[in-house]
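Report on the structure given below.
The structure presented is a predicted model; accordingly, all values stated were derived computationally and were not measured.
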Amino acid sequence: MNAVNFRDLVYRLYARRVGGRLDHDQVPKHIGVILDGNRRWAKASGGSAVQGHQAGADKISELLGWCNETDVEVVTLWMLSTDNFDRPEHELKPLLGIIENTVRNLAADGRWRVHHVGTLDLLPPETQTVLKEAQEATSDIDGIIVNVAVGYGGRQEIADAVRSLLLEHSEKGTTFEELAEVVSTDLISEHLYTRGQPDPDLVIRTSGEQRLSGFMLWQSAHSEYYFCEVFWPAFRKVDFLRALRDYAARHRRYGA
């Protein structure tokens, strides 16, 4: 047995040990994941940015399989931020193609209920169509809700929620004074991209960066955070189980 195979065997045994000790009653019901480090992984591996993005996309099915095994109910995957539109065209266009193929594959899998979170109007028509079709095709599936955050920004989501709230009450003929009397955090939450879903219990960010970068700003007010050093394409089951173990060991007080 060579060193690589031995190391893989050790990882599998360790993952089995950690997983076996995991209390499923303490597993987060909603996990948000900031899929970070694709380009740096590719650079370290001698590959291109596109190869890094593809490797990151390929990792998603593994993650969802692990979530399925551990009774997670909602997963939010940040695949493309509003800031990413500043990237050069030669990188952005292939990235959008990879995202489209990934979303198609998620819908075709038959186990996940795909839901888009983000601003559709910012995306190319083909990407919009893929997201809409995936959401419609999986709307009746009784499986993990997979929020694909494409064209997503936390500040933009809050702005869109407030705009939606104002438009709704404008159509009802509500005056500003009347709206000011009833507006609340719950009312705004009803207009978020994730309305009707539980807020994330745990947010995982890979690549060693320790910031949210605008991810689910409203919903993550009481979330626990787990920052993992590995780049997203290299994220392993043992890393995932460590995050769940770390979450289960924390005592969530919600300000009490």
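At least one donor-acceptor pair under 3.5 Å links the side chain of Asp201 to the backbone N or O of His30. Judged by distance alone, the side chain of Thr138 and the main-chain N or O of Ala134 form a donor-acceptor pair under 3.5 Å. Remark: the backbone N or O of Pro125 is paired with a side-chain donor or acceptor of Thr129 at under 3.5 angstrom. Distance alone, capped at 3.5 Å, places no donor-acceptor pair between the His115 side chain and the Val146 backbone. Between the side chain of Ser220 and the backbone N or O of Ser223 there is no donor-acceptor pair closer than 3.5 Å. Between the side chain of Gln135 and the backbone N or O of His116, at least one donor-acceptor pair lies under 3.5 Å. Panel note: side chain Ser184, backbone Leu187; a donor-acceptor pair is recorded below 3.5 Å. Ser81 places a side-chain N or O within 3.5 Å of a backbone atom of Asn84 that can act as its donor or acceptor partner.
A salt bridge does not link Asp246 to Arg242: none of the charged nitrogens lies less than 4.0 Å from a carboxylate oxygen. A salt bridge links Glu91 to Arg87: one of the charged nitrogens lies within less than 4.0 Å of a carboxylate oxygen. Under the 4.0 Å criterion applied to side-chain N and carboxylate O atoms, Glu168 and Lys172 are assigned as salt-bridge partners. Between Arg104 and Glu126 a salt bridge is recorded (basic side-chain N to carboxylate O distance below 4.0 Å). Salt-bridge formation is not detected for the pair Glu73/Arg113: no Lys NZ or Arg NE/NH1/NH2 atom is positioned less than 4.0 Å from an Asp or Glu carboxylate oxygen. Salt bridge annotation for Arg195-Glu190: absent, with no cationic side-chain nitrogen under 4.0 angstrom from a carboxylate oxygen.
The structure places CD1 of Ile144 at 11.0 Å from CG of Leu106, a figure rounded to the nearest 0.5 Å. Distance check, rounded to the nearest 0.5 Å: CZ of Arg163 to CD of Gln156 gives 6.5 Å. The structure places CH2 of Trp41 at 13.0 Å from CH2 of Trp232, a figure rounded to the nearest 0.5 Å.
Nearest heavy atom pair, residue Ala234 against residue Asp239, reads O-OD2, 4.0 Å. The two residues Tyr247 and Pro28 have their closest heavy-atom pair at CD2-CD, 3.5 Å.
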Can you check side-chain contact (heavy atoms from CB on, under 4.5 Å) on Trp66 and Val72, steps first, answer last? CA-CA 9 Å; Trp66 306 332; Val72 175; over 6 Å; no
Verify side-chain hydrogen bond (donor to acceptor under 3.5 Å, both in side chains) between Ser189 and Asp186, making sure each step is shown before the conclusion. CA-CA 5 Å; Ser189 293; Asp186 288 339; 5.1 Å; no
Under the criterion side-chain hydrogen bond (donor to acceptor under 3.5 Å, both in side chains), I'd like the reasoning laid out for Ser48 against Arg39: C-alpha separation, chi angles, the key distance, then a yes or no. CA-CA 7 Å; Ser48 66; Arg39 293 187 296 177; over 6 Å; no
With side-chain contact (heavy atoms from CB on, under 4.5 Å) as the test, would you mind laying out the steps for Asn105 and Ile60 before giving the verdict? CA-CA 10 Å; Asn105 291 337; Ile60 288 173; over 6 Å; no
Please step through side-chain contact (heavy atoms from CB on, under 4.5 Å) for the pair Leu244 and Ile31, ending with a clear verdict. CA-CA 10 Å; Leu244 299 194; Ile31 297 178; 3.8 Å; yes
For Phe235 and Leu63, what are the C-alpha separation, side-chain angles and deciding distance, and is it a side-chain contact (heavy atoms from CB on, under 4.5 Å)? CA-CA 9 Å; Phe235 192 70; Leu63 171 71; 4.3 Å; yes
Derivation of the side-chain hydrogen bond (donor to acceptor under 3.5 Å, both in side chains) call for Asp160 and Tyr193: CA-CA 9 Å; Asp160 286 347; Tyr193 303 146; 2.5 Å; yes
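Using a 4.5 Å cut-off on side-chain heavy atoms (C-beta onward), Glu157 and Leu217 make no contact. Inter-residue side-chain proximity for Met79 and Tyr152 is flagged as unmet; no heavy-atom pair is nearer than 4.5 Å.
The cluster map of Ile, Leu, Val, Met, Phe, Trp and Tyr, joined by side-chain heavy atoms under 4.5 Å apart, puts Val74 and Leu64 in different clusters. In the hydrophobic cluster analysis, where Ile, Leu, Val, Met, Phe, Trp and Tyr join through side-chain heavy atoms closer than 4.5 angstrom, Phe176 is grouped apart from Leu167. Val33 and Leu212 fall into different hydrophobic clusters, defined by Ile, Leu, Val, Met, Phe, Trp and Tyr side-chain heavy atoms under 4.5 Å apart, directly or through other members. Criterion: ILVMFWY side-chain heavy atoms under 4.5 Å apart, direct or through other members. Under it, Leu80 and Ile34 are not part of a common hydrophobic cluster.
By the 6.0 Å contact criterion, CZ on Arg155 is open, its count of non-hydrogen atoms from other residues, nucleotides or ligands being 12 or less. Atom NZ of Lys29 sits in a crowded spot, with more than 12 heavy atoms from other residues, nucleotides or ligands closer than 6.0 Å.
With sequence neighbours left out, the ring-ring contact (aromatic ring centres under 6.0 Å, His included) criterion links Trp112 to no other residue.
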